[in-house]
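One structure is given here, and the rest of the page talks about it.
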Number of protein chains: 2
Amino acid sequence: MAVTIRDVARASGVHVSTVSRTFSAPHLVNAETRTRVLAVAEGLGYRPNRAARALTTGRTHNLGLIVADIANPFFPPLIKAAQAQARERDYHVFVADTDEDPLLEQELIETLCKQVDGVLLCSPRLSNRVIERLRAQVPFVVVNRRLKGLTTVLMDVGQGAGVAVEHVAGLGHRRMALLTGPQSSWTSEEMLAAATLAARERDIELVVMGPNEPTEQGGLAAARAVAASGVTAVLCYNDLVALGLIEGLRERGVDVPGDVSVIGVDDSLPGRLNRPKLTTITMPTAAAGRMAVDLLLAAVNAGDAGTPTLARLETHLVVRESTAAPARDGGRSILTPT
Amino acid sequence: MAVTIRDVARASGVHVSTVSRTFSAPHLVNAETRTRVLAVAEGLGYRPNRAARALTTGRTHNLGLIVADIANPFFPPLIKAAQAQARERDYHVFVADTDEDPLLEQELIETLCKQVDGVLLCSPRLSNRVIERLRAQVPFVVVNRRLKGLTTVLMDVGQGAGVAVEHVAGLGHRRMALLTGPQSSWTSEEMLAAATLAARERDIELVVMGPNEPTEQGGLAAARAVAASGVTAVLCYNDLVALGLIEGLRERGVDVPGDVSVIGVDDSLPGRLNRPKLTTITMPTAAAGRMAVDLLLAAVNAGDAGTPTLARLETHLVVRESTAAPARDGGRSILTPT
DNA sequence: TTGAAAGCGCTAACAC
DNA sequence: GTGTTAGCGCTTTCAA
């Protein structure tokens, strides 16, 4: 068995409670005793058992982080940041992947909640009703979904989508497509609402296509419809869809940005590395991760009684190489015979 | 407070131990009683507290997963697979990022080890000495580093590197570079050894350059030296370095694969999406993650007494678009007479 | 400032 | 089959 508080007590000739205090309330113990106990503990290689501590304090010092798909490049920076921030606050974090499955998500939360002080839900697919029930068990913070009554961190993709439409309009395009994401995605809805509004204002015809899988496959599959639609610009649900679309378009002889301009969302690594470099809407995922952890910890320490807050993080359009003015003859120059 | 075993006992008119048994040893309890207890538990929304259980059983049903950098596209598929496999076995997993810092890595292991039954170390940067000491505390399984006496899952990048050199040689190249990774990287050392051997066999001059940061920046920074070196092919530590190198080469007017062939390692998403599509050595990360979890669980259940095993997973060269025969005038290669 | 004792939620002998 | 009891490692009153 590992070395416990009792071993340290025996070896340093004090009672267990004194050892306990040296670690959890050092100011309550005589400086001399404390240094001695500390030295003995160090020598024995003692490490407090957080789980045992949690049993009496009710604080596990663990957090749960639940995401739809770890392998989606949108999440790793968020996970990394959240985890780093948590560690800074002396918290460990469980990471779980739901594979976009609401049932699994629920099961995960329920089994996890006894072991954590709070749960970070990233782009949850759960129904409002279930969330409503679960929130009684454990404090939540939600990322990228609007849920009234819950503390939420939103990346304001709507704002970015509006700017993207402006950008496209400014370039001279008149017809553009929006490739939406999964049905239950808040981000997708926000984009749709904002893009619709901005398009109306700039007198742009907006063709909505979706839902699409939020992957390169989704973009690839949409290429035919996009090419046939005659739009000269496309705003995609995320970078992967955009990258897949560009690939699919290229296979059909449609050049990006020569014939069609393409915009993604996320500012992910693949997009930055791609050729042409992807024009995209940055998502401040790392900042969101850090902020979500801090809000969650605040809720935990307030006994979950604190008023739910809503944090809105700005997004920005990063113009790179996948957008350009439309071809003068109205697009589709490649297919135009002389 | 949440509902405990005691609440269930009271509500169903049995003793706590009976409730405990219904969950941890159902066969020991009368079928009738069992269904009644289960029903009551269900109604009350009872969920066993795993941490409390761990206190008596010594089994936390948690695993630790420690990686150098979550945001490095090499890791997410591994994390996802490991986490999924663990869940299948009814285990939760802590994920922690060391930021490539050995001290942090050690600290993480030490604070985590009381809360987990075992730790998965992915590409650890820790010194052998420290690992030797830590392994007494908690069972380890190591991924991608050779550590005698420890159960290890290796992705045989050496094999892939050998095939890569053959591929390059077959294309007609005579001088190639190897961009190595971080000093402490086992993968990098393996590549170096295998590439050196293969190059000698095929009578290829191998220029070793490094260490390089394992990122696009690292590749970008190496472009100057590569361009100046006069090699016509480069094997890179990973896809990111390869992608950065391609970018840096392009900035200097060096075409890939026209002037220089480039090979990466990982078969990561950005590489698959890149233009030209990256020729790369696949790393079976998902399989490694699953296997590592199973080996770890086996060690845990064997009381860590089981003999350390060594699993070697095959890698493959995937030839895509970033490699080609060298330009005839550019190399003293194919046409060099005897 | 320190010790004694109770108890967190649960399991595991051991009795009955 | 089920109840009794002790105890996992730790914190936290309450006394001293």
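Numbered from 1 within each chain, the chains take letters A, B, ... in sequence-line order. Heavy atoms only: backbone and side chains are in, while hydrogens, waters and symmetry mates are out.
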Evaluate whether atom CZ of A:Arg89 has more than 12 neighbouring non-hydrogen atoms of other residues, nucleotides or ligands under 6.0 angstrom away.
yes
Nearest atoms (heavy-atom pairs only) where [X] meets [Y]:
X        : Y        : answer
B:Gln83  : A:Ile70  : NE2-CD1, 4.1 Å
A:Leu120 : A:Leu296 : CD1-CD2, 3.4 Å
A:Arg135 : A:Glu132 : CG-O, 2.9 Å

[X] [atom1] - [N] [atom2] separation (whole Å):
X        : N      : atom1 : atom2 : result
A:Arg59  : D:dT12 : CZ    : P     : 11 Å
A:Arg53  : D:dC8  : CZ    : P     : 18 Å
A:Leu55  : D:dG7  : CG    : C1'   : 12 Å
B:Arg10  : D:dT2  : CZ    : C1'   : 18 Å
A:Leu28  : D:dA16 : CG    : P     : 19 Å
A:His61  : D:dG9  : NE2   : P     : 21 Å
A:Lys114 : C:dG9  : NZ    : P     : 9 Å
A:Asn49  : D:dG7  : CG    : P     : 19 Å

Can a cation-pi geometry be assigned to A:Lys114 and B:Tyr46, taking NZ or CZ under 6.0 Å from the six-membered ring centre and within 45° of the ring axis?
yes
Take the angle between the ring planes of B:His61 and B:Tyr91 and call it parallel below 30°, perpendicular above 60°, tilted in between.
parallel
Which listed nucleotide (C:dC10, C:dT1, D:dG1) is nearest to the side chain of A:Thr33?
C:dT1
Please determine if a side-chain N or O atom of A:Arg47 lies less than 4.0 Å away from the OP1 or OP2 oxygen of D:dG9.
no
Which residue, B:Ala52 or B:Arg21, contacts DNA chain D at a nucleotide closer to its 5' end, judged by nearest heavy atom?
B:Arg21
Quick check: on DNA chain D, is the nucleotide nearest A:Thr56 upstream (toward 5') of the one nearest B:His27, or the reverse? Name the residue that is more 5'.
B:His27
Over all strands shown, is B:Phe23 touching base, sugar-phosphate only, or nothing at heavy-atom distances under 4.0 angstrom?
nothing
Give one of base, sugar-phosphate or nothing for A:Ser24, where a contact means two heavy atoms less than 4.0 Å apart.
sugar-phosphate
Flag the pair B:Arg312 and B:Glu190 as a salt bridge only when some basic side-chain nitrogen lies within less than 4.0 angstrom of an acidic carboxylate oxygen.
yes
Taking B:Asp97 first and then A:Arg87, would you say they form a salt bridge - that is, a charged N and a carboxylate O separated by under 4.0 Å?
no
For B:Thr60, side-chain contact (heavy atoms from CB on, under 4.5 Å) partners two or more places apart:
B:Ala54, B:Asn62, B:Asp117
Rounding to the nearest 10°, end axes of the helix from C:dT1-D:dA16 to C:dC16-D:dG1 built from five pairs each make an angle of 40°
Ordered by number, residues from residues 11-18 of chain B within less than 4.0 Å of DNA chain D (heavy atoms) are B:Val14, B:His15, B:Ser17, B:Thr18
